[in-house]
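Input: a single structure, listed below in structure tokens.
Here the structure is a predicted model, which is why all the values come from computation and not from measurement.
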Amino acid sequence: MTLKVEGDPGYGSVSAGGRFTGLDSSETVPLLIPDIQQPVWKPLSREELLKCAGGPGWKKFRSRLVLCFWIGWLIMLGTAIAIIIQTPRMEPPSLHWWQRDVFYRLQPALFMDADSDEVSRISRVSQRLPYLKSLGVGAVILEGLFRHDVSPTNLTEIDLNLGTLPQFTQLITESRKSGVRVMLDLCELDLFEQESGNDTDIWSGPSEYIQYSLRYWLEHGVSGFGICDTDAAFSAKTLMEWNVLMQEFSSQDDERILMVRQTSNTLPALNVSSIAVNGSLVELVIKSLIPASHHPLSPADVAEAMEASLQMPQGDWPSWTVGGGVPWELQRAILVLIMTLPGTPIIKYGDEINPVQDLDQPNQPLALFYSLSQSRACEEALHFGKFTFLSFNASMSSSGFNSTATPPLAFLRSWGCIHFLVLFNLGSEPHTLDPDWAPSLPEGGVFVTSTGLDRLGPVSLRSIKMQPHEAIVIKLFESDNS
């Protein structure tokens with residue numbers, strides 16, 4: 001039976017035997033390939049995802065992954081704690097109040113007001129205590145409270161031109177409220193005036209009166225006394241007696257102290273060791289940065305005195321005051337020096353404000369002193385950090401440096417990895433520092449303060465131009481070679 005195929009009958013046919021005929025030998029039968037659809041990948045639906053995630057394999061994987069995360073986190077935490085524990089720490093020293101506070105020398109006789117005669121000068125000191133506390137002052141040294149010709153028997157009586165004893169008692173009360181301690185200056189008082197011709201009795205009478213007077217003022221709340229190294233009271237016998245009295249009235253939170261104002265380069269020799277004088281018998285030794293002079297010194301003289309003081313050994317815990325006369329254009333630079341040196345700064349009344357320089361800034365006359373006191377209170381490096389004097393010579397300045405001009409001064413205060421650089425240009429000419437003047441220091445820092453109060457933000461130590469009579473305090477950035 002012959003199959004019938006739709007299409008062209010002449011194209012070919014199938015014979016009864018099943019063979020396809022009607023094509024040439026060169027022709028082949030085309031293959032019929034089915035159209036295969038490519039699979040389309042679709043994201044799992046919420047139901048399908050939850051179904052797969054609920055399988056036992058996924059549960060084990062998630063639990064192991066979370067376990068590995070917490071183990072790694074605990075390992076990193078333990079490593080960090082071990083590094084912190086093993087790293088040596090800089091422990092701040094335990095300081096006494098007379099090492100932490102800023103002292104302020106004040107003469108009540110300077111407070112004069114022609115418009116009001118009803119308020120005594122001692123009462124005016126009481127009114128000024130909150131102002132001093134706001135500046136960062138912690139102790140006031142009252143000078144000239146007694147008449148210069150006072151005898152040891154009258155040492156419990158203050159000068160009536162300054163006020164009365166009840167007014168002084170009120171001053172002590174207000175000082176306690178303000179957090180400002182009060183000390184009495186006995187310097188240059190002839191306390192041990194010989195009243196008889198018997199040399200063996202020189203200590204019998206006056207010494208007993210003085211002991212009684214000191215006890216009297218300590219009972220009223222006075223925090224200590226000050227003498228000069230030229231006074232007759234500066235002797236091993238007297239200092240030991242007074243020290244016993246100070247210890248009697250001292251407590252852990254209210255220590256009573258003795259301080260000595262040093263008028264020469266070194267203290268006079270005593271029959272006790274220097275450690276006892278600087279440690280147990282006398283807490284503070286006040287040194288003068290500028291030598292005493294009857295007339296203001298020149299900037300070159302001040303620079304020479306400053307350099308000599310900076311290169312002098314600092315001792316156990318020094319204390320600094322100005323001492324001699326300073327030109328008005330250098331008063332702010334000297335204030336920066338006293339507040340940044342190691343030890344206890346002692347500021348004299350009026351040093352915190354320069355009546356000539358501060359006319360340009362009537363609204364912020366105390367900004368420099370406030371900035372320095374706050375920086376000293378907050379920065380450990382400025383308070384009790386290591387002191388390093390930086391040698392400064394003509395080779396460290398620019399090529400235009402005048403060899404006859406006053407060279408700059410510099411020192412470093414360091415505590416741990418924190419460094420403060422203090423620069424001084426006491427001359428009348430500007431200085432541009434050489435780019436390689438301090439290769440061992442970090443290249444940059446940030447301004448803390450300056451005498452002109454006009455320097456802010458970051459600074460490069462390789463491009464500092466100092467103005468005449470300028471002092472600058474810079475906090476250096478951390479560096480590997482610092």
Do side-chain atoms of Asp229 reach the backbone of Thr263 as a donor and acceptor pair under 3.5 angstrom?
yes
Donor-acceptor under 3.5 Å (Arg376 side chain, Arg100 main chain):
yes
Donor-acceptor pair, distance only, cut-off 3.5 Å: does the side chain of Ser373 make one with the backbone of Leu135?
yes
What pair of heavy atoms forms the shortest contact from Val322 to Ile334, and how long is it?
CG2-CG2, 3.9 Å
Glu255 and His96 side chains, donor-acceptor separation under 3.5 Å
yes
Side chain to side chain, Ile210 and Trp242, heavy atoms closer than 4.5 Å:
yes
Would Lys475 and Glu379 pass as an ion pair if we require N to O under 4.0 Å?
yes
Nearest 0.5 Å please: distance from the CG atom of Leu186 over to the SG atom of Cys228.
10.0 Å
Start with the C-alpha distance between Val137 and Phe369, add both sets of side-chain angles, then the distance that settles side chain to side chain contact (heavy atoms under 4.5 Å, CB included), and finish with yes or no.
CA-CA 10 Å; Val137 174; Phe369 181 78; 4.3 Å; yes
Please assess Tyr212 against Leu155 for the test side chain to side chain contact (heavy atoms under 4.5 Å, CB included), listing each intermediate value before the final yes or no.
CA-CA 9 Å; Tyr212 171 79; Leu155 197 58; over 6 Å; no
Test item: His469 and Thr451 side chains (from C-beta on) under 4.5 Å apart, heavy atoms:
no
Heavy atoms, side chains only, cut-off 4.5 Å: are Leu390 and Leu423 in contact?
no
First locate atom CH2 of Trp320, then atom CG of Leu284, and finally report the distance between them rounded to the nearest 0.5 Å.
12.5 Å
Is it the case that over 12 heavy atoms from other parts of the model lie below 6.0 angstrom from the OH atom of Tyr370?
no
Name of the residue among Lys386, His419, Glu380 meeting side chain to side chain donor-acceptor pair (under 3.5 Å) with Ser414
His419
Under a 3.5 Å distance rule, please check whether Thr340 uses its side chain to pair with a backbone N or O of Val336 as donor and acceptor.
yes
With heavy-atom distances below 4.5 Å as the criterion, would you say the side chains of Leu382 and Val448 are in contact?
no
How far apart are the C-alpha atoms of Gln247 and Asn243, what are their side-chain angles, what is the distance that settles it, and do they pass the side chain to side chain contact (heavy atoms under 4.5 Å, CB included) test?
CA-CA 6 Å; Gln247 296 298 326; Asn243 183 263; 3.9 Å; yes
Any salt bridge between Asp185 and Arg261, counting N to O under 4.0 Å?
yes
Please check if the side chain of Asn425 supplies one atom and the backbone of Glu429 the other of a donor-acceptor pair under 3.5 Å.
yes
In terms of heavy-atom contacts, Pro327 and Val302 come closest through CD-CG2, 3.9 Å
Give a yes or no answer on whether the side chain of Thr344 reaches the backbone of Ser319 with a donor-acceptor pair at less than 3.5 Å.
no
For a 4.5 angstrom cut-off between non-hydrogen side-chain atoms, does Thr321 reach Ser288?
yes
Gap separating the CG atom of Asp454 from the OG1 atom of Thr449, nearest 0.5 angstrom
9.5 Å
Under 3.5 Å donor-acceptor, Arg413 side chain and Phe420 backbone
no
Could you give the distance from NE2 (His148) to CG (Asp159), rounded to the nearest 0.5 Å?
9.0 Å
To the nearest 0.5 Å, atom CE of Met246 lies from atom CG of Leu258 at 5.0 Å
Met259 vs Ile141 side-chain heavy atoms within contact, under 4.5 Å:
yes
With distance as the sole test, does Ser213 use its side chain to make a donor-acceptor pair with the main-chain N or O of Tyr209 at under 3.5 Å?
yes
Looking only at heavy atoms, the pair that brings Leu330 and Leu426 closest together is CD2-O, 3.7 Å
Would Lys237 and Glu241 pass as an ion pair if we require N to O under 4.0 Å?
yes
Where the side chain of Ser375 meets the backbone of Leu372, is there a donor-acceptor pair that is under 3.5 Å apart?
no
More than 12 heavy atoms of other residues, nucleotides or ligands under 6.0 Å from NZ of Lys348: is that the case?
no
Using a cut-off of 6.0 Å, state whether more than 12 heavy atoms not belonging to Tyr216 lie near its atom OH.
yes
Strictly distance-based, threshold 3.5 Å: is any side-chain N or O of Ser250 a donor or acceptor partner for the main-chain N or O of Arg256?
yes
Is the distance between the ring centroids of Phe168 and Trp217 under 6.0 Å?
yes
Does the side chain of Leu165 come within less than 4.5 Å of Ile158's, by heavy atoms?
no
Just by distance, no angles: are the side chains of Trp98 and Glu283 close enough, under 3.5 Å, to form a donor-acceptor pair?
no
Kindly give the heavy-atom pair with the smallest separation between Arg455 and Ile472, and that separation in Å.
NE-CD1, 3.4 Å
Note: Glu157 and Phe146 closest approach over all heavy atoms is O-CD2, 3.5 Å
Set out, in order, the CA-CA distance, both residues' side-chain angles and the distance that settles side chain to side chain contact (heavy atoms under 4.5 Å, CB included) for His383 and Leu95, then state yes or no.
CA-CA 10 Å; His383 197 173; Leu95 301 179; 3.9 Å; yes
Heavy-atom pair of closest approach, residues Leu142 and Pro108
CD2-CG, 4.2 Å
Pair Ser126-Glu174, side-chain donor/acceptor within less than 3.5 Å:
no
Taking the side chain as every heavy atom from C-beta outward, state whether Leu171 and Leu129 have any pair of such atoms under 4.5 Å apart.
yes
Aromatic plane relationship, Phe411 with Phe387 - under 30° parallel, 30 to 60° tilted, over 60° perpendicular:
tilted
When rounded to the nearest 0.5 Å, the distance separating CD of Glu143 from CG of Leu184 is 11.0 Å
